[in-house]
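Heads up, the thing below is written out as structure tokens.
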There are 2 protein chains.
Amino acid sequence: MAQRTAVAVRTRVGGQKQPVAKRPRLARAGGARRGDATRQVILDAAEQCLAAGDFDGVSLRTIGEAAGVDIALVNYHFGSKESLVEEVTGRRAREVHDARVLALEEARHAAGTAPPDVEAVVTAFLQPWLKRISSGDAGWQNYNRLLCRLTMMPKYLPLVSELLDPTALHFINALRAALPEASPESIYWGYMFLLGAVVQIMAGTGRLEQLSRGLCTTDDINSAMREIVPFVCHGLRALERTATEARG
Amino acid sequence: MAQRTAVAVRTRVGGQKQPVAKRPRLARAGGARRGDATRQVILDAAEQCLAAGDFDGVSLRTIGEAAGVDIALVNYHFGSKESLVEEVTGRRAREVHDARVLALEEARHAAGTAPPDVEAVVTAFLQPWLKRISSGDAGWQNYNRLLCRLTMMPKYLPLVSELLDPTALHFINALRAALPEASPESIYWGYMFLLGAVVQIMAGTGRLEQLSRGLCTTDDINSAMREIVPFVCHGLRALERTATEARG
DNA sequence: GAATTAATTCAACGAATGATAAAGACCGAA
DNA sequence: TTCGGTCTTTATCATTCGTTGAATTAATTC
């Protein structure tokens, strides 16, 4: 098998490379196109596969097979493997960003004239996220793991930055207002601690379950919030305290 | 080109698969073998490459080229790509584990009869790690990123568990003694928070630098410790407090 | 219904991958 | 020197990868 047919003369017309932009340009009146369902199926399958294996390890054939579509369709709809991963991550990133900003706005209204306190900011940051993680849609854990892996690969820093910076700057500002005594540097550190602590544990790595031999689980959002929020909030307040000590 | 020679008849003697164990079994008297230098060079190059790209994306050819050795040597010394990554991670894991256990022992001696407090345990956990990270040896950041990515891939959970569980259980015990009021569950959560917060920020992802536009940096171990230790310790103590509140 | 456009399928391309067999180079011991 | 084992090189294997041209089917427009 795998015998190459001796004929197979293929005239390549255009010598140039043009690996992108195959998707038609105009949307239909109603907005929904015929291939939109296919796009969604591919995105879902890609997300699932990419969260399991790593980027280069997951082949378009695997994704296509999981989605039940032909391989060539992936390239037809997304142009390349690279832009596929961008759409996979961007889809989730936009949704959770919007929900977080909305939650923060609500916290601002609830707080009245004063800025929301640390608990309110942290809750606005975590609630939309954890709610989705424990919604039963495994896609959110897949997304978290994928994003965390991308963060750990320097060459994806621009993509990660594009995906996460808007949210980060938004909540760093809110934290600054909630912790007026903390130095600007400490706020950045604190935000990274907050993010790291939660990502690591809520990405569905199975580490918590394995270490505790089933005693703990990340499935229940309420118990998760009960552990996470106090840890993070007290940690953040400590940054304010050390700043005061350093000054005094 | 890439024209297959029509002859090229190769009799495969053993039909079975035996992809492993090419390395000779016995060590020489002096301990040092002729190929040990080669092994080290390959391990270093592999670590560097694996931290940049992802596991399946980095080819043995890339690693061999970076190490300045022939590709076949990689398979000769390590048997397969998979066992190469195990050796790469195991080498660092053992070193930092031993250093941490030693630091914890010293903290126990310093504390006398009472168990070391939270600050002492956390410092024993972080100091050996951060010292290596900011030692100038970029290999430690590479190792951190690689390990974090492996943690985010379910199929590597057994390997990650083998690498990290000994350290984890060691320090979870110490934390339990330092936080007698906290529930067993909270200790597991707290350890994961501790690990996550620090890994995320000390893996050299560049996120902290990017977000703070250069205001913060993870290069200086002293300033890093000054931010991390208070955050983590106050967070851990908060777990104890919530447990008391829940009980009362 | 014809023409046009979008979506899908099929088959193959060239390039790169991990692996290995076979032969050569090196080296200490007899 | 010769021998036996360790280490290295060469050349190639079968397989899989991302991508693409061309043909086919389905939907929309005139």
Side-chain angles (χ1 to χ4, degrees), chain A residues 1-20 22-30 32-39 41-42 53 55-65 67-85, chain B residues 1-5 7-30 32-39 41-42 53 55-65 67-85:
Chain A
M1 56 222 57
Q3 197 88 318
R4 296 282 159 78
T5 54
V7 239
V9 185
R10 176 77 62 97
T11 59
R12 194 180 289 270
V13 249
Q16 296 92 318
K17 286 211 154 192
Q18 38 185 15
V20 281
K22 287 266 226 42
R23 187 102 208 290
R25 312 104 207 119
L26 258 65
R28 192 124 51 88
R33 307 184 62 98
R34 193 152 62 92
D36 283 355
T38 309
R39 282 176 63 90
V41 170
I42 294 174
F55 178 61
D56 290 294
V58 172
S59 70
L60 292 183
R61 283 169 177 81
T62 306
I63 294 174
E65 200 173 336
V69 304
D70 192 273
I71 325 141
L73 272 179
V74 182
N75 268 302
Y76 173 76
H77 282 289
F78 297 98
S80 74
K81 193 180 182 183
E82 193 175 345
S83 56
L84 173 62
V85 74
Chain B
M1 55 215 59
Q3 197 88 318
R4 296 284 156 77
T5 53
V7 239
V9 185
R10 176 78 61 97
T11 59
R12 191 181 291 271
V13 249
Q16 296 93 318
K17 288 212 153 190
Q18 38 186 15
V20 282
K22 287 266 227 42
R23 188 102 209 288
R25 313 103 206 121
L26 257 66
R28 193 121 52 88
R33 306 183 63 96
R34 193 151 63 92
D36 282 354
T38 309
R39 282 177 64 89
V41 170
I42 293 175
F55 177 60
D56 291 293
V58 173
S59 70
L60 292 183
R61 282 170 178 80
T62 306
I63 294 173
E65 198 173 337
V69 304
D70 193 273
I71 324 139
L73 271 180
V74 182
N75 268 302
Y76 173 77
H77 282 290
F78 297 97
S80 74
K81 194 179 180 181
E82 192 174 345
S83 55
L84 172 62
V85 74

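Numbered from 1 within each chain, the chains take letters A, B, ... in sequence-line order.
Of the side-chain N and O atoms in B/H77, none sit less than 4.0 angstrom from OP1 or OP2 of D/dT6. Taking side-chain N and O atoms only, A/S59 has a distance below 4.0 Å to OP1 or OP2 of D/dC17. The shortest distance between the side-chain N/O atoms of B/N75 and the OP1/OP2 oxygens of C/dT20 is not below 4.0 Å. A/T38 has a side-chain polar atom (N or O) that falls below the 4.0 Å cut-off from OP1 or OP2 of C/dT8.
The interatomic distance linking B/I63 (CD1) with C/dA16 (P) rounds to 17 Å, in whole Å. Here D/dG18 presents its C1' atom at 8 Å from NZ of A/K81, a figure rounded to the nearest Å. The distance between atom CD1 of A/I71 and atom C1' of C/dA12, rounded to the nearest whole Å, is 11 Å. Rounded to whole angstrom, the span from the CG atom of A/L84 across to the P atom of D/dT19 amounts to 10 Å. D/dG18 atom C1' lies 10 Å from atom CZ of A/F55, rounded to whole Å. Across the protein-nucleic acid pair, B/R61 atom CZ and D/dA11 atom P stand 14 Å apart, rounded to whole Å. The interatomic distance linking A/L73 (CG) with C/dA11 (P) rounds to 15 Å, in whole Å. The interatomic distance linking A/Y76 (OH) with C/dT9 (P) rounds to 12 Å, in whole Å.
Heavy atoms only, all atoms of each residue included: A/H77 and A/R39 are closest at O-NH1, 3.0 Å.
At least one side-chain heavy atom of A/I42 sits less than 4.5 Å from a side-chain heavy atom of A/L84.
Positionally, the nearest nucleotide of DNA chain D for B/A72 lies more toward the 5' end than for the other of B/A72 and A/G57.
Every residue was checked against the side-chain hydrogen bond (donor to acceptor under 3.5 Å, both in side chains) condition with A/T38, not counting sequence neighbours, and none meets it. Residues forming a side-chain contact (heavy atoms from CB on, under 4.5 Å) with B/E65 (at least two apart in sequence, or on another chain): none.
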